[in-house]
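In what follows, a structure is listed as structure tokens, so that the remarks can point back to it.
Below, chain A is the first sequence line, B the second, and so on; all start at residue 1.
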Amino acid sequence: MSGFSDDMPFFDEPGARPPAASGSAGAPSGIAARAMAARQAQNAPPDYLSGLNPEQRQAVETTEGPVLVLAGAGTGKTRVLTTRIAHILATGRAFPSQILAVTFTNKAAREMKQRIAMLVPEAVEGMPWLGTFHSIGVKLLRRHAELAGLRSDFSILDTDDVIRLIKQLIQAEGLDDKRWTPRTFAQMIDGWKNKGLGPEEIPEGDARSFGNGRGRELYRAYQARLTTLNACDFGDLLLHPIRIFRAHHDILAEYHRRFRYILVDEYQDTNTAQYMWLRLLAQRPRASSIQPGEGRARDGAPGDVSPAPAEGQPPQAAVRPVSEDKPTQQINICCVGDDDQSIYGWRGAEVDNILRFEKDFPGATVIRLERNYRSTAHILGAAAHLIAHNEGRLGKTLFTDQPDPDDPKVNVHAAWDSDEEARAVGEEIEALQRRKHALNDIAILVRASFQMRSFEDRFIEIGLNYRVIGGPRFYERQEIRDAMAYLRVVANPGDDLAFERIVNVPKRGLGEAAIRQVHDTARALSVPMLQAAANLAESDELKPKPRAALREVAANFARWQDLLETTPHTELAETILEESGYIDMWKNDRAADAPTRLDNLKELIRSMEDYESLRAFLEHVALVMDADKNEDLDAVSLMTLHSAKGLEFETVFLPGWEEGLFPHQRALDEGGRSGLEEERRLAYVGLTRAKKNLHIWFVSNRRIHGLWQSTIPSRFLDELPEAHVEVNESGSSFGGYGNPYGASRFDNVGSPSGGYAKRGDQGNQAFSSTYATPGWQRARQNRTEATSRNWGTRSGHAVERIGYGEADSGYGAGRGSVKGRTIDGELVAKSVADAPSAFRIGDRVFHMKFGNGNVSAIDGNKLTIDFDRAGQKKVLDSFVTAA
DNA sequence: GGGTGTACATTTTTT
DNA sequence: ATGTACACCC
């Protein structure tokens, strides 16, 4: 139908054009010339190699055979990857189109393209196979769609579409969608697909665990529905090609001939499906059973392998033959990764893939990059000591060539609560700013996004520029998704999900009943809903009003589809949004954000200009996540630790190092030891983002889900080496309250005279010099604002009180009631039982921080207490005792 | 079909 | 505490 194939140069098309835009169709003039030059000048290494250290250079020059590059943080990973590609090209080992280079994110792919362009300018246009797993998957699937039961104009559904679809299926099965939530099932399917499992392959137990044992049927129905919709989800972008490769050896063989070199970025993040996909492509045709489930290795005729020059292959003369002395179809796969930075286990990544590499690819060369160009010796020392607490590593130790005795140690600070934490970080940043430190070179990396809020509040208050990275994405906004739904129906009339989304947006008087009717008709006739709507509009099965509405919708789409051929896509999009009444809908909306939404729609249309066709644009939006950010502004970056991977900053703040938050309680509860190790790797990633200054913070009180919790410092703090760490005792807070893992040097943080924090110490006097600190003033202010009573002149007493008056009984009793789960003797989980509270309304109670108060309401184990001094708070009953 | 009330969940995120 | 999603009622 659509003419999308223009922008996809498939190699086996007649007259396949190699490096198109370079104008070198046929003869690789530019590249070959370069290759010649390179070989003529063999004595002097090409200049792109000259800046590499010996390990990097080895990684670049070991082009043949399987290679694993273990690239620690800041060791020049991307540089190796891009130089390696440049090297392969410059030496004439392959054409750009014969290199498969996969990344996880579009950002990484883009960066790689840019950097290759700097090294080999003429090559990039011809690297059609550099991209994310998913974008390459789409490309493969568009080419062979019919083998997966799809048409090549299939839609790609995002998570939201998938959930809506599954909801329909669950309801169709007569299941309660409260008991069996679509979200849960969508996650299950995602998990199965990550493992490469289709409906028939999932374990019986999994199948039974959902929807009264109907999991397998539901999954099957889901896949059937996708086929009907001519759509696939993200998982299918990998799974369909895998199936096709397995079932059609001739097609796989084509790609075997095609891809001479395979490069994989962030290999530690690959999941099982991606692994299988890579194995299929990298496998030597003759290779026998290497992998369970991968047994059918034999395909392409073993003998024929040697460069059966397909169209567009470099003339043999110009190319150094692919290692004549080695067996044919050499596996030239190079995986780059860092097992210590594997932080995506929760979404299916298998660290094992990287740990197993040498077994998977016998004879592999393993190269370690440990020379770090980013961080100071203190930071590296801290990171190394921390990560050494993990088991099952391949083992690497980062080092730096340039230790500087003036480098600051890693700083650890304590704060009373998250507001004070934000306030103090804000002050530190302002101080840096006065010293001309660029804000762009400062980042705050949090474990969970709710932590960002206190920083945002504070930064707004003091007028500090900041940017949040990884927030709600542009294309996830309602108005964008609506607009996209219109476009999707035009591009793929079978996209019922999109149709349903907008059939009554703006309101056209089509209620649930009318839509159901369209749905049923579509099912009965096995046609898309759009078609069914057109039919219904001509029948008398509906009341006049909805009938007229449907007729108009159907006529509109018919007209738009005609325009698709003749009208530029941006213009078409404008027409659609105008004629559908969608623009007017927002113009008439009095909501405060309506103008913003209109702006977003304009921006959407503007961004379409960057794409050749409607379908190219739709694909971009389906696959690309990036929100455009304002790079010009000098601003502090605020993001989660996960989204910080791969970035670096001069100065990094890591707030929230408290048990339960970091490591996160849920990671511990659900992941046990390996969950803890992943959290530790996350900490490692955080530490290694910093070039020079690193500040870690923890607080003693955090409000989680609306109630106050006392917190204890993260065990990770205890895993930092003293030699590289400086505990900052500027003393604006009350630090830890004892650490269940034994004495911790952080127990005393924040106590000028020390010692109060030790259990049993009578440390009241310790606070005399502390209560007047800004943190306290602020804390007090908050309380005053909240309750405006009982908190004026007696604050001094209150401070003493709150500190440790009867702490032993209070704390001890509270803690003692919480049972913990342990792994190897380490406390890992402390789930609080939902036992009815032992307290009653009106009871006089004591809380270790807020002092005495009266219980005013009880909700399970959550108490609302009117504290004498601290005002009304909600706290867990395990944190108070009868007074 | 739209508006109001209640119930529930709330780590991390890419494609 | 706070937001969202759904159910129910007008």
Side-chain angles (χ1 to χ4, degrees), chain A residues 102-109 131-138 156-159 162-164 167 171 176-178 181-184 187 190 193-194 232-239 266 269-271 273-274 342-349 445-453 469-473 475-476 478 504-515 545-546 549 619-627 639-646 656 660-671 675 678-679 681-683 685-686 703-708 786 862 864 872-874:
Chain A
V102 253
T103 64
F104 276 82
T105 64
N106 292 294
K107 196 177 155 209
T132 64
F133 277 101
H134 292 84
S135 67
I136 290 172
V138 174
I156 300 164
L157 304 187
D158 68 18
T159 322
V162 168
I163 286 174
R164 282 188 302 140
K167 189 174 174 189
Q171 287 170 343
D176 178 5
D177 64 355
K178 281 282 159 28
T181 67
R183 238 182 90 90
T184 311
Q187 282 163 359
D190 201 49
K193 291 194 171 177
N194 284 159
C232 61
D233 62 18
F234 285 123
D236 288 341
L237 298 179
L238 288 168
L239 283 195
E266 304 282 15
D269 287 337
T270 49
N271 62 36
Q274 286 154 343
S342 164
I343 56 176
Y344 286 110
W346 50 274
R347 66 177 196 211
L445 312 181
V446 296
R447 172 67 244 262
S449 45
F450 74 86
Q451 290 174 262
M452 291 184 189
R453 193 150 148 198
I469 297 187
R473 304 197 163 68
Y475 87 102
E476 279 171 357
Q478 184 192 339
N504 198 34
V505 180
K507 299 271 184 288
R508 300 187 174 97
L510 292 165
E512 200 184 327
I515 294 174
K545 218 165 110 188
E619 191 158 301
H620 165 81
V621 177
L623 291 175
V624 168
M625 305 287 293
D626 335 295
M639 69 188 97
T640 63
L641 285 161
H642 283 91
S643 38
K645 194 165 89 161
L661 177 58
F662 193 33
H664 199 282
Q665 194 58 49
R666 210 149 142 184
L668 302 180
D669 285 344
E670 290 169 11
E678 183 156 312
E679 293 288 288
R681 290 192 291 265
L682 196 50
V685 167
R703 200 166 44 179
I704 296 169
H705 310 329
L707 45 98
W708 284 93
K862 297 170 201 161
T864 303
Q872 195 181 69
K873 296 280 174 220
K874 277 191 179 179

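Atom pair Lys645(A):NZ and dT13(B):C1' shows a separation of 11 Å (rounding to whole Å applied). Regarding Glu619(A), its CD atom lies at a distance of 19 Å from the P atom of dT14(B), rounded to whole Å. Nucleotide dT12(B) holds its C1' atom 9 Å from the CD atom of Glu678(A), rounded to whole Å. Distance, Glu266(A) CD to dT14(B) P: 13 Å, rounded to whole Å. For Asp669(A) and dT12(B), the CG to P distance is 16 Å, given to the nearest whole Å. Whole-Å rounding puts the Asp269(A) CG to dT15(B) P distance at 12 Å.
To the nearest 0.5 Å, atom CZ of residue Phe104(A) and atom NZ of residue Lys645(A) are 8.0 Å apart. Here the CG-OG1 distance, from Leu238(A) to Thr270(A), works out to 11.0 Å after rounding to the nearest 0.5 Å. For the atom pair Leu237(A) CG and Ile136(A) CD1, the distance stands at 12.0 Å (nearest 0.5 Å).
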Tabulate protein N/O versus nucleotide N/O from nucleotides 5-11 of chain B, keeping only pairs under 3.5 Å, one per line.
{"from": "dT11(B)", "atom 1": "OP1", "to": "Arg666(A)", "atom 2": "NH1", "distance (Å)": "2.2"}
{"from": "dT11(B)", "atom 1": "O4'", "to": "His664(A)", "atom 2": "NE2", "distance (Å)": "3.1"}
{"from": "dT11(B)", "atom 1": "O2", "to": "Arg447(A)", "atom 2": "NH1", "distance (Å)": "2.9"}
{"from": "dT11(B)", "atom 1": "O2", "to": "Arg447(A)", "atom 2": "NH2", "distance (Å)": "2.4"}

Just the atom pairs and distances: protein N or O near nucleotides 6-10 of chain C's N or O, under 3.5 Å.
{"from": "dC6(C)", "atom 1": "OP1", "to": "Lys167(A)", "atom 2": "NZ", "distance (Å)": "3.2"}
{"from": "dC6(C)", "atom 1": "O3'", "to": "Lys178(A)", "atom 2": "NZ", "distance (Å)": "3.3"}
{"from": "dA7(C)", "atom 1": "OP1", "to": "Lys178(A)", "atom 2": "NZ", "distance (Å)": "3.4"}

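For Asn106(A), counting side-chain heavy atoms from C-beta on, the closest listed nucleotide (dT13(B), dT15(B), dT2(C)) is dT15(B).
The aromatic rings of Tyr344(A) and His642(A) lie tilted to each other, with the angle between the two planes from 30° to 60°.
Checked against side-chain hydrogen bond (donor to acceptor under 3.5 Å, both in side chains), Arg183(A) has no partners two or more places apart in sequence or in another chain. With sequence neighbours excluded, no residue forms a side-chain hydrogen bond (donor to acceptor under 3.5 Å, both in side chains) with Thr105(A). Under the side-chain hydrogen bond (donor to acceptor under 3.5 Å, both in side chains) criterion, Ser449(A) pairs with no residue, sequence neighbours left out. A search for side-chain hydrogen bond (donor to acceptor under 3.5 Å, both in side chains) contacts involving Arg666(A) returns Glu670(A), not counting sequence neighbours.
dT13(B) sits 22 Å from dT2(C) when the P atoms are compared, rounded to a whole Å.
In this structure, the side chain of Glu679(A) engages the main chain of His664(A) through a donor-acceptor pair within 3.5 Å.
Across all strands shown, Gly509(A) has heavy atoms under 4.0 Å from sugar-phosphate atoms exclusively, and none from any base.
When each of Thr640(A) and Leu510(A) is assigned the nucleotide of DNA chain B bearing its nearest heavy atom, the one mapping closer to the 5' terminus is Leu510(A).
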